[in-house]
Amino acid sequence: MVNMNNAAERLEIISQRIEKARNRFGPPPSEVQLVAVSKTFPADAIVPFLAAGQRVFGENRVQEAKAKWPELRASYDGIELHLIGPLQTNKVKDAIALFDVIETLDRERLAAALADEQRKGAKLPRLHVQVNIGREPQKAGIDPADAVAFVARCRAEHGLEIEGLMCIPPDGQPAGPYFALLAQIGREAGVTVLSMGMSGDFETAIWMGATHVRVGSALFGHRPAPAQPPSPDNGPQEHELQGEH
Ligand SMILES: *Cc1c(COP(=O)(O)O)cnc(C)c1O
C-alpha cells in the first residue's frame with residue numbers, strides 16, 4: 001500500500017509533471033486541477049493522499065463512493081469529489097448528495113432527471129458533459145457532432161448550468177487529436193473546463209488545454225482486477241512516474 005511518505009512523493013512528482021506540461025508552450029492559460037482517481041482503492045489507501053494535502057478525488061461508482069467517502073469527509077475538510085463513471089437515473093439523488101462534480105452527463109434522460117431534482121429544490125453538483133470523442137460504441141457520451149447542441153439544450157431546456165466537458169479517448173491511438181477536438185467543441189459550446197487526460201496521457205491533455213486531469217494508477221498503483229483485493233506491491237514503476245523529459 002502507498003504510505004504517507006510515498007503518497008506525498010507521488011503527488012509531488014505528478015504535480016511537477018503537470019507544471020512542466022503547463023509551461024511547455026509559454027505562459028499557461030489556466031490552473032490544472034489534479035483529480036486523484038481512487039476508484040477500487042479502500043479508504044485506508046486514500047488517507048495517505050489526504051494527509052499529503054490532496055483534496056480532489058474521482059470515483060466511478062456511486063455505491064462505492066457512498067461506502068467510502070462520508071467517513072473521509074468527516075475527517076478531512078475541503079474534499080471535492082468527482083463522479084467520473086456512468087450515472088443511472090435511479091441513483092441521481094444519491095449522486096447529488098455525494099458528489100461535488102458530476103463529469104458524466106451523457107444523455108438527455110439524465111439531464112431531465114437532474115433538472116427534475118433541481119426543480120424540487122436540490123442544489124446540483126457542477127456538471128460536465130461527457131463526449132464520446134472517438135465515437136466508440138462501447139463508450140458512453142454524446143456524439144462529438146451533437147455535443148454543442150446538447151450543451152445548449154441542457155442550458156436552455158433543462159435549466160442546467162454546464163461547466164465543462166469530459167472525454168476518454170480511444171485506447172491504442174495517439175490521444176492528442178481527440179483532446180484537440182474536445183477543446184474545439186468546448187470553445188464552440190462556451191465552456192471553460194476540460195476534463196481530459198489520465199495517467200498515460202495527461203501531459204498531452206494539458207498541452208491541448210485540459211483544465212482537469214484524472215490520474216489514478218500513477219498515484220495509487222495498478223488497480224486490482226475487479227473483486228480482487230489490492231496487493232501490496234503494485235505501485236507504479238519508476239519510468240511511469242518520471243514521464244518524458
Ligand atoms: C479509471 C479512470 C481514470 C484513471 O485512469 P488511470 O489510467 O488509472 O490514471 C480516469 N478517468 C476515468 C473516467 C476513469 O474511469
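A quick note: this is a predicted structure, and the numbers were derived from the prediction, not measured.
- The aromatic rings of His212 and His82 sit tilted, their planes meeting at an angle between 30° and 60°.
- Checking side-chain atoms of Asn60 against main-chain N and O of Lys39 turns up no donor-acceptor pair under 3.5 Å.
- By the 4.5 Å heavy-atom criterion applied to side chains, Ile133 and Ile185 are counted as neighbours.
- Atoms CG and CD, from Leu87 and Glu103 in turn, are 12.5 Å apart once rounded to the nearest 0.5 Å.
- Separation of atoms NE2 (His222) and OG1 (Thr40) is listed at 12.0 Å; rounding is to 0.5 Å.
- Heavy atoms of other residues, nucleotides or ligands lying less than 6.0 angstrom from NZ of Lys123 number 12 at most.
- For the pair Gln130/Lys139, no side-chain contact is recorded, criterion being any heavy-atom separation below 4.5 Å from C-beta on.
- Applying the salt bridge (Lys or Arg N to Asp or Glu O under 4.0 Å) test to pairs two or more places apart or on separate chains, those with a residue in residues 77-94 are Lys66-Asp94, Glu80-Arg126.
- Ring pair Phe49/Phe220: centre-to-centre distance below 6.0 Å.
- Here Leu105 contributes atom CG and Leu127 contributes atom CG; the two are 6.0 Å apart, rounded to the nearest 0.5 Å.
- Distance check: Ser199 OG to Ile14 CD1 gives 6.5 Å after rounding to the nearest 0.5 Å.
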- Passes side-chain hydrogen bond (donor to acceptor under 3.5 Å, both in side chains), His158 versus Gln118? Steps please. CA-CA 9 Å; His158 297 293; Gln118 182 166 254; over 6 Å; no
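- Looking only at side-chain heavy atoms (C-beta outward), Met196 and Thr211 stay at 4.5 Å or farther from each other.
- Side-chain N or O atoms of Thr89 include none that pairs as donor or acceptor with a backbone N or O of Ala113 at under 3.5 Å.
- Atoms CG and CD1, from Leu110 and Ile102 in turn, are 7.0 Å apart once rounded to the nearest 0.5 Å.
- Note: Trp69 and Phe99 fail the aromatic proximity criterion, with ring centroids not under 6.0 Å apart.
- The line from CZ of Phe150 to CG of Leu165 is 11.0 Å long, rounded to the nearest 0.5 Å.
- For the pairing with Ile206, the side chain to side chain contact (heavy atoms under 4.5 Å, CB included) check across Ile18, Leu194, Asn23 returns one residue only, Ile18.
- Heavy-atom neighbours of Glu71 CD from other residues, nucleotides or ligands within 6.0 Å: at or below the threshold of 12.
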- Verdict with supporting geometry, Glu203 and Arg17, salt bridge (Lys or Arg N to Asp or Glu O under 4.0 Å): CA-CA 7 Å; Glu203 283 119 330; Arg17 284 176 57 186; 2.7 Å; yes
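- Across Leu34, Val56, Val37, a single residue satisfies side chain to side chain contact (heavy atoms under 4.5 Å, CB included) together with Arg214, and that is Val37.
- The shortest heavy-atom contact between Asn132 and Glu136 is ND2-O, 2.8 Å.
- Here Asp143 pairs with Arg135 under the side chain to side chain donor-acceptor pair (under 3.5 Å) rule; sequence neighbours left out.
- Counting heavy atoms from C-beta outward, Pro125 and Asp100 have side chains that stay 4.5 Å or more apart.
- For the salt bridge (Lys or Arg N to Asp or Glu O under 4.0 Å) condition, the pairs that include at least one residue of residues 46-61, sequence neighbours left out, are Glu59-Lys68.
- Remark: Asp171 CG is loosely packed, at most 12 non-hydrogen atoms of other residues, nucleotides or ligands lying under 6.0 Å away.
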